[in-house]
Number of protein chains: 2
Amino acid sequence: MPKEIAPSPGPPRRRAGRPRSLVLDGDLIGRTALKLVNDGGYTKLTMSGLAKALGVSPSALYNHVGSKQEIMQLIQEIVMDNVDSSVFESFPLTEALLRWAETYRDVLAGHAPLIPLIAVLPVTGSPRTLDMYEKVATGFTKAGWHQADIVPAIVAVESFIFGSALDATAPLDIFNPGKKAGQLPNFEDALDAQRATGRNSADAAFHTGLRAIVAGLLGTPATS
Amino acid sequence: MPKEIAPSPGPPRRRAGRPRSLVLDGDLIGRTALKLVNDGGYTKLTMSGLAKALGVSPSALYNHVGSKQEIMQLIQEIVMDNVDSSVFESFPLTEALLRWAETYRDVLAGHAPLIPLIAVLPVTGSPRTLDMYEKVATGFTKAGWHQADIVPAIVAVESFIFGSALDATAPLDIFNPGKKAGQLPNFEDALDAQRATGRNSADAAFHTGLRAIVAGLLGTPATS
DNA sequence: ACCTGAACACCGTTCAAGT
DNA sequence: ACCTGAACACCGTTCAAGT
C-alpha cells in the first residue's frame, strides 16, 4: 500500500535544525517508474534500475512499497488517468462508449505488460479507476438500462478493449502462413484482400469490432 | 525452432551395439512442460524444473530449444489444439462463431500467461493454428462475406476472446469499491443488481458480449 | 523513520569439457 | 550429436547495522 501525503493546511512541522533527507514517496516512485518505462520499455523497469534513477539503494524502495507488483500498480494508476471518461457526461451512450473505448485502447496499447495486471487487479485501491466506472455506469443508467445488465456490459466492452490493446502490439505480418502458404485458400484470399485495402488490420479489427459490440449491446444495427 | 522427427519408412538405422540414449525431442519437452503447468501453474515452469522432470540437466534443454519462450510456444501449440474449429463445418456462421469462441475462451482461461504471447506470436510456425484460421475463414466465405472484411472480423472476435479469458481469471470481488463505498451511487447500484442475479459476472459479460459482437458483425439483432 | 550494504534464493543462458 | 557441471549475469527481496 503506497503511502500518501495528506495535504496539510499549514507548513509541515519539523524538528528544528534536522533537515529531513529528500523524501521518497509513492508518488515520486510511481512517476519515476513511469519515466523509466516510457524511456526504455518494461524491461528497463527493475528494482535496481528504479533505485538508481531515484539516487537510492534498491533495498530503500522497500520502505515505501511492498513489492515490484505494487510499483506496477502505481504506474497503472497514473496511466489510467489518461483514459477519457468525461465523454459520458457530454455524449449519448453510444457515442460516449466509442470515444471512451478509443482512448482506453490507445492508453493500454502503450503499456501492454499492464494489461494482464489490470484485468485481474481489484480496483479497490484505485480511486480514480473507480471514478471512471461511476461515470460509465452513470452513462448506462441515464440511457435507461436495467441495473443488472450494466456491469456485464461494461466488462464485455472492457474485455474487447484489453484484447484489442494486446493485438495492437502484434507484428504486422502476424498471419504470415510461412511454409503452409498455398494450402489455406480461403484464409489466404481473405488476408490478401485485407492487405489490399491498405488499412492496418489491427486498427480495422478494433473499429469494426467496437462498433459491432456496442451496436449489439445497444440493440441497434452496427452500421448506424 | 523445435526439431521434428520425420516419419521414416523403415526402422531407424543405428550403429550396431551403440544403444542411443533415450531421446529428448520437442514433442516430449512440450508435453512435459504442459504437464508441469497443469500440475502447479506457470510458476512451476522453470528451465531447471523442466529439466528435472525430464531427468536431464538444464543446459541439455538448449540442444533442442533456443529459449524458454520457445517452450511456451510448444505448450501453446498443444493447448490450441483443444479449440474446436470443426464447428464451422457443421453449423451456420453465427452458431459456429458462438461455439468456437466458447471453447477458445475456456482453453485460454486455463492458460492466462499464454495470452499475451499468443496475441503477439506470428502463427507462421503453428500449422495447427493456421488450419484453425482456414476453417474460420471458410465459414465466413461460405456465409457470403466480402473477402476484405473477413480478417478484421476474425481478429475482432479473437480480441474479445483474449480479453474475456483474461477477465475469467480475475477474483470475484474485483469491483469492491473499498473505502470509496457510498460515493459511487450508480456503479454500486449496478454492482448490487448484478450480484443479486446470482450469476458470475465474468461469465455473464462473456455471453452477452459474445452475442453482441457476433450479432453486430453479422448485422442481426443481438437478441435473436 | 528511513537508508545502506551484504547476503539470499532464485532466474535463464552460455560454454568448455566430456562421450 | 548430445549431455554435464561450472559459471555468468542478472533478478526481487530480506535483514542486520547504521543515523
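A, B, ... follow the sequence lines: proteins, then strands. Residue 1 opens every chain.
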(Q) Counting only Watson-Crick pairs (N1-N3 plus N6-O4 or O6-N4) and G-U wobbles (N1-O2, O6-N3), all under 3.5 Å, who is the partner of C/dC10? (A) none
Q) What is the base-pairing partner of D/dG18, counting Watson-Crick and G-U wobble geometry with both distances under 3.5 Å? A)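 Looking at the geometry, D/dG18 pairs with C/dC2.
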Q: Check whether any side-chain nitrogen or oxygen of A/H64 sits under 4.0 Å from OP1 or OP2 of C/dA1, and answer yes or no.
A: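 So the side-chain polar atoms of A/H64 never come under 4.0 Å of the phosphate oxygens OP1 or OP2 of C/dA1.
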[X] [atom1] to [N] [atom2]: how many Å, rounded?
X     : N      : atom1 : atom2 : result
A/Q69 : D/dT13 : CD    : C1'   : 15 Å
B/K68 : C/dC11 : NZ    : P     : 9 Å
A/L24 : C/dC3  : CG    : C1'   : 10 Å
A/L54 : C/dC2  : CG    : P     : 15 Å
B/E70 : C/dG12 : CD    : P     : 15 Å
B/K44 : C/dC10 : NZ    : C1'   : 15 Å
B/L50 : C/dC11 : CG    : P     : 12 Å
B/Y42 : C/dC11 : OH    : P     : 17 Å

**Q.** Nearest listed nucleotide, side chain of A/Y62, among D/dT14, D/dC3, C/dT14
**A.** D/dT14
Q. Where the side chain of B/S48 is defined as all heavy atoms beyond and including C-beta, which of C/dC3, D/dT4, C/dC11 is the nearest nucleotide?
A. C/dC11
Q. Which atoms form the tightest heavy-atom contact between A/T169 and A/A109, and what is the distance?
A.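 Reported closest heavy-atom pair: CG2-O, 3.6 Å.
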Q: Using a 4.0 Å heavy-atom cut-off across all strands, classify B/T46 as base, sugar-phosphate, or nothing.
A: sugar-phosphate
Q.
Parallel, tilted or perpendicular: which one describes the rings of A/F160 and A/F206, with boundaries at 30° and 60°?
A.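 A/F160 and A/F206: parallel rings.
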Q) Any salt bridge between B/D192 and B/R195, counting N to O under 4.0 Å? A)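 Result for this pair is yes, salt bridge flagged.
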Q. Quick one: side-chain contact (heavy atoms from CB on, under 4.5 Å) partners of A/A33, sequence neighbours excluded?
A.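 Testing A/A33 for side-chain contact (heavy atoms from CB on, under 4.5 Å), a comparison that skips the adjacent residues, returns A/L45, A/L50, A/I71, A/I75.
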Q | side-chain hydrogen bond (donor to acceptor under 3.5 Å, both in side chains) pairs, two or more places apart, involving residues 32-42 of chain A | A | A/Y42-A/H111
(Q) Judged by each residue's nearest nucleotide on DNA chain D, which is more toward the 5′ side, A/M47 or B/L61? (A)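 Its nucleotide being nearer the 5' end, the pick is B/L61.
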